[in-house]
Amino acid sequence: MRYISTRGQAPVLSFEEAMLTGLARDGGLYLPETIPQMSTADIAALEGVSYEEAAFRVMRPFIGDTFTDEEFHGIIARAYAGFGHVARAPLKQLESGHFLLELFHGPTLAFKDFAMQLIGQLFEAALKRNGQRVCIVGATSGDTGSAAIEAFRGLDAVDVFILFPQGRVSEVQRRQMTTPAESNVHALAIEGHFDDAQARVKDMFNDFEFRDAVGLAGVNSINWARVLAQVVYYFTSAVSLGAPHRKVSFTVPTGNFGDIFAGYIARRMGLPIDRLVVATNQNDILHRCLSAGEYRPDGVIPSISPSMDIQVSSNFERALFYAYGQDGGAVAQLMDELKAGGFKVSQGALEALREAFDSGRCDEDETSATIRRVHAATGELLCPHSAVGVKVADEMRVPGTPMITLATAHPAKFPAAVEAASGVHPPLPERMSDLYERSERVTGVANDLGAIETLIKERTGH
Ligand SMILES: *Cc1c(COP(=O)(O)O)cnc(C)c1O
């Protein structure tokens with residue numbers, strides 16, 4: 001299995017190389033050259049197997065000869081051993097025809113643990129074998145950073161630096177990043193928004209001298225291995241509702257487009273998905289783009305679903321690559337236009353995108369109202385991101401096709417918003433109940449590439 005860049009200029013890589021590199025050297029994102037197919041029989045055979053076994057069967061064709069079957073089984077087993085639910089991604093009925101896929105039973109209570117725990121184990125196995133050491137640098141709107149730190153803390157071959165926008169993550173998210181005591185963990189609070197943090201990370205990857213000097217590796221949602229890990233639960237949940245013999249739809253609370261893009265890959269592998277619905281909060285650039293064909297960032301407005309407060313949605317580039325018939329030159333040009341303010345999607349590409357995705361938006365009042373309504377009607381407490389999904393799913397649902405909404409975080413990760421909406425304080429699970437007592441360690445940094453690079457070099461002895 002070989003991996004190509006969405007911008008068509010970077011070298012073709014193996015799974016291992018693409019995983020360790022993250023962002024391609026032409027600024028693009030890696031994708032498999034061809035998408036492996038699962039037959040109806042392959043999909044039907046997933047019924048009743050463990051999450052780990054399903055993960056093995058769905059991901060195996062993508063990893064080529066990077067790991068033996070035995071190694072890969074071990075990696076998956078270690079990745080999901082720390083989850084607080086045996087099903088890993090349990091499906092819960094919310095209302096008639098509407099299901100919640102609970103993706104928040106991992107160590108940091110958000111779906112990003114599915115990808116990050118796997119990546120931690122994949123990196124460890126590959127780096128140990130190669131005698132390599134890397135420096136992981138990531139930007140986070142809250143959940144990626146804590147998931148990365150949780151996945152890499154204490155590993156020998158890895159330093160992990162996470163940039164988060166100062167004052168714009170929830171207290172639980174911040175504490176999950178600042179309380180680990182391991183010396184290879186570095187939480188950096190940057191002055192600015194998530195998009196600033198993400199832009200500085202991209203700049204570091206494009207500074208090849210720095211990138212090579214410190215052995216930079218990326219685990220943001222641009223990393224192909226993360227998308228791949230997320231493909232699995234589309235299969236397990238659809239199969240538990242009758243796939244491949246019946247179609248299901250998904251609604252996905254979306255920011256960086258990684259989670260929903262994994263659903264798109266699942267469909268292209270053969271999973272009979274009817275509708276894939278992008279749900280955005282008031283930062284609705286993706287909804288506007290899919291509606292009007294124009295992608296033009298106009299500033300982030302902080303919301304109560306902060307992990308979706310995004311205007312530059314990195315993984316959307318992967319969807320554009322397919323919408324433009326895998327034309328890397330066309331994607332590179334769009335991304336140049338984006339630097340200058342925005343771009344218009346061609347008519348043909350817009351039709352392709354609309355064929356693949358529906359979209360909807362949920363504002364702040366609607367988010368709170370949904371938390372309140374669902375709690376009153378079902379007793380279920382939704383986190384604000386999941387509430388955005390449920391609201392949009394309710395608008396898109398059609399009788400006869402089950403709708404699965406991805407519940408992306410545990411309500412206790414966003415206690416203020418949940419309590420304000422429902423009047424109920426969501427408690428942390430027992431295993432994390434001392435989080436508010438642990439001491440914090442964090443370094444403030446300016447939104448300045450040179451200063452951040454210097455700090456990273458000092459901390460890693462380069
Ligand atoms: C990251 C995140 C999202 C958005 O996922 P993307 O893959 O970036 O689209 C939604 N909800 C929560 C809780 C998240 O942490």
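Indexing begins at 1, ligand by ligand and atom by atom, following the structure's order. Sequential numbering from 1 along the given sequence is applied to the chain's residues. The basis for the numbers below is simple: all heavy atoms, side chains too, and nothing from hydrogens, waters or symmetry mates. For clarity, every value in this text was computed on a predicted model and none was experimentally measured.
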Subset of ligand 1 atoms that lie under 4.0 Å from at least one heavy atom of [X]:
X      : value
Lys112 : 1 (C), 2 (C), 3 (C), 14 (C), 15 (O)
Ala409 : 13 (C)
Phe257 : 6 (P), 8 (O), 9 (O)
Gly258 : 6 (P), 7 (O), 9 (O)
Asp143 : 12 (C), 13 (C), 14 (C), 15 (O)
Asp259 : 7 (O)
Thr254 : 9 (O)

When you measure from the centre of the six-membered ring of Phe235, is the NZ or CZ of Arg57 closer than 6.0 Å and no more than 45° off the axis?
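Here Arg57 fails the 6.0 Å and 45° test against Phe235.
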Classify the ring geometry of Phe152 against Phe123: parallel below 30°, tilted from 30° to 60°, perpendicular beyond 60°.
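Correct class here is perpendicular.
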Salt bridge or not for Arg7 and Glu317, using N-O below 4.0 Å?
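Looking at Glu317 together with Arg7, the answer is yes, because their closest N to O distance falls below 4.0 Å.
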Any non-hydrogen side-chain atom of Val442 less than 4.5 Å from a side-chain atom of Phe164?
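Yes; the side chains approach each other to less than 4.5 Å.
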Measuring from non-hydrogen atoms of Phe111 to any atom of ligand 1, is the shortest distance under 4.0 Å?
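Checking ligand 1 against Phe111, which is what was asked, there is a heavy-atom contact under 4.0 Å.
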Heteroatom distance test (Gly255, ligand 1): nitrogen or oxygen, under 3.5 angstrom
yes
Can you name the one residue among Tyr234, Tyr233, Phe99 that meets ring pair (Phe, Tyr, Trp, His ring centres under 6.0 Å) with Phe250?
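With Phe250 as partner, Tyr234, Tyr233, Phe99 yield a single ring pair (Phe, Tyr, Trp, His ring centres under 6.0 Å), made by Tyr234.
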Step through the shown structure and confirm whether more than 12 heavy atoms of other residues, nucleotides or ligands are within 6.0 Å of CZ on Arg441.
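More than 12 within 6.0 Å, yes.
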Which segment of Met308 sits under 4.0 Å of ligand 1 when only heavy atoms are counted
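For Met308, the contact with ligand 1 is made by the side chain alone.
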protein heavy-atom neighbour closest to atom 8 (O) of ligand 1 works out as Asn256 N, 2.7 Å
What residue and atom, counting heavy atoms only, is the protein's closest point to atom 11 (N) of ligand 1, and at what distance?
Thr408 OG1, 2.8 Å
Do Phe15 and Phe62 have ring centroids that are under 6.0 Å from one another?
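Ring-ring flag for Phe62/Phe15: false, centres at least 6.0 Å apart.
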Aromatic ring proximity His105/Phe83, centre distance under 6.0 Å
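No: the rings miss the under 6.0 Å criterion.
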